[in-house]
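For reference, the structure discussed in these notes is given below.
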Amino acid sequence: MGSAERGAGMTAEDTMRRVGHGQTPGSPGWTLRRVLRRPSAAVGLLVLLAVIACALAAPWVAPQHPTRGRIDRRLQPPGIAEAHRINLLGTDPLGRDVLSRIIFGARVSLIVGISAVFGAGVLGTVLGLVSGYAGRITDTVVMRVADVQLAFPFVLLALAIVAILGPGVGNLIIVFVVTGWVVFARIVRGQVLQIREREFVQASRGLGASDARVVVRHVLPNVTGPLIVVASFELAKVIIWEASLSFLGLGVPPTIPSWGAMLSDGRQYVDTAWWVATFPGVALMVVVLSINAVGDALRDALDPRLQHL
Amino acid sequence: MGAYIARRLAHAIFVLIGVSIVVFIVLRVIPGDPISLMFPEGLSPERLRQARAELGLDAPLYKQYAIFLAHAVRGNLGNSFRYQRPALDLVLERLPVTGQLAVAALVITMAVGIPLGVLAAARRGGLLDVLTMFMASVGQSMPTFWLGIMLIVIFAVALRWFPTSGRESPVHLVLPAVTLSGFSIALTSRLTRAAIREVLAEDYVRTARAKGVHERAVLVRHVLRNGIIPVVTVLGLQVGALLGGAVITETVFAWPGMGLLAIQAIYTRDYNIVQAVVLLSAFVFLVVNLCVDLFYLVLDPRIRLE
C-alpha cells in the first residue's frame with residue numbers, strides 16, 4: 001500500500017514535467033525511442049520479433065515435422081549424426097526433433113499469452129472503470145471479489161477451472177482471463193479515483209460532458225501507460241503459467257506441441273537425456289526474459305511510479 | 001488498534017466466505033461424479049441413489065452449501081470420499097509438510113534476497129549490483145518447475161549431491177526449498193535494492209553521514225529500517241505465492257505436502273479435500289497479511305492504521 005499511496009500525489013507534477021519536454025510524451029514513437037535507448041530492451045524486442053516471426057512461419061522454418069517422429073531415432077543427443085537428418089537440439093522419447101517442436105511450441109505460448117492478457121486487460125479495465133466511476137455498492141462488490149480472488153490460491157483455481165472445462169487452448173485463455181483481470185482493475189480504479197476529482201474533469205463535467213465522454217476523453221488516456229506496462233509483465237506471467245499447467249497435464253492437449261508439455265515429457269528422462277527437458281525451458285526463459293526487459297523499459301518510459309511491478 | 005484488528009478480522013471472514021462459495025460452486029460444476037470414481041465398476045440405480053443421499057449429494061446446491069457452512073464453522077469440512085476420513089484432518093496432517101518447505105524457502109529468500117539487495121544498492125553500479133540485477137531478471141523469468149528440473153539434472157543426477165525426490169531426511173529439503181525460493185529471491189533482491197536506493201537519497205541519510213556516522217550504522221539504522229517496509233509487504237504477499245508455488249514444487253520433487261494432496265484430490269474429484277486445502281491456504285494467507293500490517297507499527301510508529 002505504502003508505495004502506491006506515496007506515488008499518488010505525484011501525478012500532477014509528473015504530467016507537467018512530461019508536457020514540458022516539448023515532444024509528445026507517451027506517443028508510440030516517443031515510447032519506442034525511449035525503450036530502444038536501453039540495450040537490454042532493444043535486444044529483448046529483437047528476440048521477441050524473431051520468436052514471433054518463427055512462430056508465424058513455423059511450417060517453413062522448422063527443420064522437421066513437429067509431431068511425426070522416427071522411433072529408430074528416439075532420444076538422440078544434440079548434434080549432427082547423419083548428414084541428411086540433423087537434430088540440432090536432439091530428439092525426444094518418440095524420435096521427434098526437439099528444435100522443431102520448440103518452434104511450433106512458441107505458437108501456443110504466444111497465442112495463449114497474448115489473447116489472455118488482452119482479454120484480462122479489457123475485462124479488468126471495464127470493471128476498474130465501472131468500479132471507480134460508479135462508486136459505492138458496485139465498487140465494494142468488485143473490490144471484494146478482487147480480494148477473494150487474491151486470497152484464492154491461483155494454481156488451484158486454475159486447475160479447478162481446467163478440470164471443469166477440459167484441457168484446450170481456448171479453455172486456458174479463459175482461465176487466465178478469469179484469474180488475471182484483478183491487477184488491471186486495481187490499476188484502472190486507482191487512476192479513476194484520482195482523476196475523477198481533478199479540476200479538468202470537474203470542468204469538463206461542468207460544461208455538460210457525459211460520463212461516457214469523461215471516461216473516453218480523460219480517464220482512458222491517463223491509464224493507457226500503466227495498462228501497457230502491467231500488460232507486459234502479465235504476458236510474461238501468463239506464458240510461465242501456461243507452461244506450468246501444461247506441465248501438470250492440464251494445459252493444451254498432448255497432441256499440440258507446447259513447451260510445458262515438452263518439459264513434462266523430458267522430466268522422466270533427466271538422467272539419460274537431459275536435452276529433452278532443458279531446451280524448451282531455455283526457450284521459455286529467453287522469451288520471458290525478453291518480455292521483462294521490454295517491460296522494464298516501458299515502465300521507466302511510461303510510468304516510473306510503478307516500481308513495485 | 002483494537003477496532004482496527006476487529007475490522008480486519010471481519011474483512012478476513014468475509015473473504016473466507018467468498019472463497020468458500022467460489023470453491024464450493026466451482027467444484028460442484030465439475031463434470032464427473034465422485035461416486036462413479038469411487039465405484040468404477042458401477043452401482044445399481046437403487047444403491048447409487050442411496051450412496052448419493054449418504055454423501056448429501058442429492059440436495060439442492062444452496063442447501064448443500066448451507067449444511068457445509070454450518071459444519072465448517074464447527075471445524076468440520078466433511079469426509080474425504082476416497083480416504084473415508086475427515087478432510088480437515090488429512091489436510092492438517094500435510095500442512096506441516098508444506099509449511100516446512102514454505103518456511104525454508106522464506107528463510108532462504110530473506111537470507112539471500114535482502115542482503116543482496118542492500119549491497120547492490122550500496123555499491124550502486126558496481127559489479128555486484130550488475131550481477132545481482134542480472135540474476136534477478138533471470139530468476140524472475142524462470143518457471144519454478146523448470147528450475148526444479150534443472151537442479152535435479154545438475155545436483156541430483158550429475159553431481160549426486162542431493163536426492164531427486166522424497167522426504168526421508170533433511171537433505172531432501174534442500175533442492176525443493178531452493179526451487180521454491182528462486183522467484184522470491186529474485187523479486188526480493190530487486191525490490192530491496194529499489195527501496196534502499198530511494199532511502200539513500202533522503203536528506204536524513206545525508207545528515208547522518210555529514211555528522212560522521214559510520215557507513216554501516218547509516219545503512220542498518222537509518223536506511224534499512226526505513227527501506228524495509230515495502231519489502232515486508234511483498235514478503236507477506238509472497239506467502240500466498242509460496243503456497244501456490246508449492247503445488248508445482250511438490251509435484252516435481254514428490255514432496256508429500258498439501259499441494260500434492262490437492263492435485264491428487266482434483267484428479268479424483270475428492271471435493272472436500274480440495275475445499276479444505278483452498279480454505280486453509282486462504283486462511284493462512286489472510287492471517288499472514290494481517291500480521292504484516294501489524295508489523296508496520298513496530299517498524300514505523302508514524303504509520304496510523306485506518
Side-chain angles (χ1 to χ4, degrees), chain A residues 1-4 6 40 144-145 147-166 233 236-237 239-245 247-250 259-260 263-264 266-267 270-272 274 277-278 280-282 284-293 296 307-308, chain B residues 11-12 14-16 18-19 21-23 26-27 29-32 137-138 140-147 149-150 152-153 156-158 164 191 194-195 198 229-230 233-234 237 240-241 243-245 247-248 251-252 259 262-263 266-267 269 274 277-278 281-283 285-286 289 293 296 303:
Chain A
M1 229 21 118
S3 61
R6 233 181 299 135
S40 61
R144 287 301 156 268
V145 172
D147 284 345
V148 168
Q149 198 149 315
L150 283 181
F152 208 104
F154 163 79
V155 194
L156 291 178
L157 182 58
L159 285 174
I161 299 177
V162 176
I164 298 172
L165 301 173
F233 292 116
K237 224 195 283 176
I239 288 180
I240 286 188
W241 278 111
E242 180 274 315
S244 306
L245 288 186
F247 173 75
L248 291 174
L250 289 159
W259 294 345
L263 283 163
S264 177
R267 190 171 73 134
V270 282
D271 44 350
T272 50
W274 55 270
T278 304
V282 172
L284 190 60
M285 200 175 74
V286 167
V287 166
V288 173
L289 202 56
S290 303
I291 296 172
N292 281 336
D296 279 343
Q307 269 302 331
H308 56 285
Chain B
H11 177 247
F14 175 86
V15 171
L16 273 179
V19 169
I21 293 177
V22 173
V23 70
V26 162
L27 290 174
V29 184
I30 290 181
S137 303
V138 172
Q140 278 186 300
S141 306
M142 219 188 290
T144 306
F145 64 97
W146 187 64
L147 175 61
I149 295 173
M150 288 300 106
I152 290 178
V153 169
V157 176
T164 53
L191 267 170
E198 205 170 289
I229 289 178
T233 310
V234 173
L237 292 171
L243 287 174
V247 174
I248 308 270
T251 310
V252 174
I263 293 247
I266 283 180
Y267 290 137
R269 314 251 183 273
V274 181
V277 171
V278 168
S281 307
F283 180 74
F285 177 81
L286 292 167
N289 280 290
D293 283 359
Y296 290 162
I303 292 180

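Residue numbers start from 1 in every chain, and the chains themselves are labelled A, B, ... in the order their sequence lines are given, proteins ahead of strands. None of the values given here were measured: they were computed from a predicted structure.
Distance check, rounded to the nearest 0.5 Å: CG of A:L284 to OG of B:S141 gives 9.0 Å.
Among all heavy-atom pairs drawn from B:G18 and A:V148, the shortest one is C-CG1, 3.7 Å. Across every non-hydrogen atom of B:S137 and A:L289, the tightest pair is O-CD1, 3.3 Å. Of all non-hydrogen atoms in B:W146 and A:L263, the two that sit nearest each other are CD1-CD2, 3.2 Å. Residues B:Q140 and A:V288 come closest through the heavy atom pair O-CG1, 4.5 Å.
A search for side-chain contact (heavy atoms from CB on, under 4.5 Å) contacts involving B:F283 returns B:L16, B:V287, not counting sequence neighbours. Partners of A:F247 under the ring-ring contact (aromatic ring centres under 6.0 Å, His included) rule, at least two apart in sequence or in another chain, are B:F145.
Proximity to chain A is limited to the side chain of B:V247, based on heavy atoms less than 4.5 angstrom apart. At a 4.5 Å heavy-atom cutoff, the contact between B:M142 and chain A is made by backbone and side-chain atoms alike. Using a 4.5 Å cut-off between heavy atoms, B:V138 touches chain A through backbone and side chain atoms alike. Proximity to chain B involves both the backbone and the side chain of A:D147, based on heavy atoms less than 4.5 angstrom apart. In this structure, chain A has a heavy atom under 4.5 Å from the side chain of B:V157, while its backbone stays farther away.
For the set A:V286, A:V287, A:I291, A:T278, the entry with the most heavy-atom pairs within less than 4.5 Å of chain B is A:T278. When each of A:S244, A:A236, A:S264, A:A293 is scored by its heavy-atom pairs under 4.5 Å with chain B, the top score falls to A:S244. Note: B:I149 leads B:I149, B:V153, B:I21 in heavy-atom pairs under 4.5 Å with chain A.
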